[in-house]
Structure formats: structure tokens, C-alpha cells
Amino acid sequence: MEHLELFFKSIFIDNMVFATFLGMCSYLAVSKKVATAVGLGAAVIFVLAVTVPLNWLLDQYILQDGALAWLGEEYAQYDLSFLSFIMFIATIATMVQLVEIIVEKFSPSLYNSLGIFLPLIAVNCAILGGSLFMQSREIPTLGLSLTYGVGSGIGWFLAILAIAAIREKIRYSSVPPALRGLGITFIITGLMAIGFMSFGGMLTGGDEEKKEEKPVTEVAIKKKIEKTSAKEMVAENTNIN
Amino acid sequence: MGLLSKKDAVLLSDPLADNNPITIQVLGICSALAITAELKASIVMAVSVIFVLGLGNVVISLMRNIIPSKIRIIVQLIVVATLVIIVDLVLKAFAYELSKTLSVFVGLIITNCIIMGRFEAFALGNGPWRSFLDGIGNAVGYGVILIAVGFFRELLGSGTLLGFKVLGDSIEKTGLYALGYENNGFMLLSPMALIVVGIIIWIQRSRNTSLIEEN
């Protein structure tokens, strides 16, 4: 249940593109044709599914406050969380390189369809964003982090697929000249994001959509409330089942 | 203009308008949109990017002859990540509330496409001083759009600027609110950032028709 909830939440409610605008650069640049969009989307799912659990392990056993305790008593006091950016991005860049080499070696056909996108992905904000959100949302287990990675990847895939399909069709309509290309894509994405907001109340009973309106000081408290209410929701749901 | 030759001045001024990183080159959108619901966050983000891009361009430009081209991406990422960690720690020390609002988006400066784009396109082939100007120019071009979007979203969304109630008090019905004006809460939601940027692009391209794309 927990997995299913996180899975759908990361696809629809916290959709990478529509809720947090991650990976917008490649989303805008590679969405002119459906075929290429599918290739990039698949590569993103794949890389997110690998890097998020890996960075979860790093975070849990090396970076967090007191995470080094497994090395011995005297290491328990260290807090290396300030290194997380550099560790995450290094892991991502290495993994992307590694994945590229492995795929090229064992499946040339997959390499031909995914390969060209893999170098692009190292600097896709969606990938680093996945790891950073995994850290800031404190996802509790390795399994859940895998679910989160795959779910957000699929969310991103859906978004780029949808916009690519719309852009293929929009070629036949008369857009105002100054809006052609980039401008109209922005506005369509905005409209799609409004559409996706309607998923907001699906799993959290309407808590989620008010998040942005809250003043700064209340955000932290709000997060706590959200967490507890999400837990309660899970408890309730399991009771019903 | 003793300090800047004409060629150098173009490096600074070009990204501000006709070659703007956001509206023309389509770089760095990711972080640009999510944090613009308040003007203050936009300004902090703009300043952070100016710092990271200006300094990062200089560092990469100084190292451009010793970086092996095969591993240049990872070298660039490490340079940016180091600079971003500095920004993050400074924000956490001096503006804790704000760094909570920006949350992961400070970290996402690392993968901001403007930064990698400028490293690749400019700093790897030019001297430090010119790279510095190019970095500052592009980061300011990015910041201008960010601040413009933040300005409109905060003004129309909550009727404030930097937290000051410029349109009057919405609860006590003073100022504009006395005339029946209402805040458009929709402006605070994330989709409106996209639409505001879309409108900025529209205005810019209507004024300068040479920028219009083929469909």
C-alpha cells in the first residue's frame, strides 16, 4: 500500500515536470517529435531507477548526521550532509557513464535508441532533483526509494510524451507568429500543469494543493502535518483493507 | 569605457535581451519557475546564479588547457557543485528561512543548463576575463527574467512586493482593495509561472520579429 501510494503520488501529484519544473530544459528541447521524446523518457526512467536507490544508500550510510556510526563509535559524531550535492552529482555522472558503457556492450540495439540521450541526462535537473527530493522528503527504505525513482521517471516520461504529441499536432494550427515554438509550448505546459493539479487531493485529502500558498514560516510545520496525515491515511487505508 | 572594449561590452549586454538565456536559448528553466512565487526568493536565486556562473566560468577558463576533453563534464560538475555548496552554506548561515523556501532548488543550480551551457560554449574556449564577463552577462540575463516573473507573481498573487503591502491591506480593505480589487491566488500556483514566462516571450518576440521561430 505504501509503495502504491508513493508510486502514484510521484507520477501524478508530485509530477516532476508539472509540479516542480524539473528537467524542463530537455523537456522543451527534445519534445519536437514523439519518437525521440519516448527515447529520452525511457532513459530518464532507467537512470532515475538506478541513481535514486544508490544515492539513498549513500545518504543513509555516509552522508547523514551520524550515518557513519557503522564504522565505529568515534565516527558517529560526523555530519557529512554538506557534501551531498557533490556526492550525488558525482554518483549520477559516473552511473550515467557506466550505464552507457554497459548498454553499448550488451545491447547495441538499445544503445542505438537510448545511447545518444544518456550523456544529456547527466545534467538533467530531473535526475539530481530526484535524489535531492528523496533526501529532503526523508524516504524511509531502499525499496521505497526505488519506487520513488521509477514513479518520478514515469511521471516525467508521461509529461514529455504528452507535450511531444501536442507539438506534433500544433504544427497544423495557426499560432500567433510571436508565440510560435517556445512561447506556445510554455503556455500549453502551463495549462497541462493546471490540469495535473486536479490530482492534488487524490491521496492526501486536499492537503497537497495548498502547499504553495502557505507563508514561509509555516512550511516546516505544514510538512510535519502533511507527514502525519499521510501516515494516518495509510493506517486508515490498511484498516479498511 | 576604459575597462571594457566594445567587444567585451557586447558579451555583457547581448544576453540581457536578444540572446537571453531563458527566453531565447531556453536554458535554465528548471529552477527559474519553481521559486518565483515571491520576489525575494527570485532575487536570492538570481544573485546565487550570478555568483556561481561568474566564478565558475573563470575557474573553468583557467583550467581549460589542462582538462582532458573526455572527462570535462565531470570536472565541470565538480567545479559547479563546490561553488553551489558554498552558496548553500552561506544561505543556511545567514538566511535560514529563505534557504528552506528554496529547498532543493539551490542544489539544482548544479544542473542548471545555463551553467553547463556557458562552460561548454564559452569558458572552454576563451580567456578568464572574457569568460567572467560572459558569465555575469548570462547570469544577469537569467536574473532579469526571474525577477520580472517574481515581481508579477507576487504583486498580482498576494498584493505585496518583498513582503510590503503595496496595494493596501486585503483584510482591512484599504488601498486598491477598497475599490473591490481581489488578489489572484492563482498566480501563486506553479503553473502560472510557465504562463507568465510564455507571455514575456510573446511580448519580446512581438517587439523583435527577427526572433520568431518557424513552427
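We name chains A, B, ... by the order of the sequence lines, and we start the count at 1 in each one.
Here B/P191 is the residue among B/G107, B/A81, B/P191 with the most heavy-atom pairs under 4.5 Å with chain A. Of all the listed residues (B/I74, B/I200, B/I85), the one sharing the greatest number of non-hydrogen pairs under 4.5 Å with chain A is B/I85. Heavy-atom pairs under 4.5 Å with chain B peak, among A/A93, A/G190, A/P176, at A/G190. Chain A forms more heavy-atom pairs under 4.5 Å with one residue of B/V196, B/I78, B/I110, B/V106 than with any other, namely B/I110.
One distance of note links CD1 of A/I89 with CG of A/L128; it measures 4.5 Å at 0.5 Å rounding.
Residue A/I194 touches chain B through both its backbone and its side chain, counting heavy-atom pairs closer than 4.5 Å. Neither the backbone nor the side chain of A/Y27 comes within contact range of chain B; no heavy atom of the residue lies under 4.5 Å from a heavy atom of that chain. Of the two parts of B/L89, only the side chain, counted from C-beta on, holds a non-hydrogen atom closer than 4.5 Å to a non-hydrogen atom of chain A.
Between A/K9 and A/Y148, the closest side-chain pair of non-hydrogen atoms is not below 4.5 Å. At a threshold of 4.5 Å between non-hydrogen side-chain atoms, the residues A/L22 and A/W156 do not count as touching. In this structure, B/I109 and B/M45 have side chains that are in contact, with non-hydrogen atoms separated by less than 4.5 Å.
Between B/K92 and B/D88 there is a salt bridge, since at least one side-chain N of the basic residue sits less than 4.0 Å from a carboxylate O of the acidic one.
A/L40 pairs in a side-chain contact (heavy atoms from CB on, under 4.5 Å) with only one of the listed residues (A/I160, A/I45, A/L161), which is A/I160.
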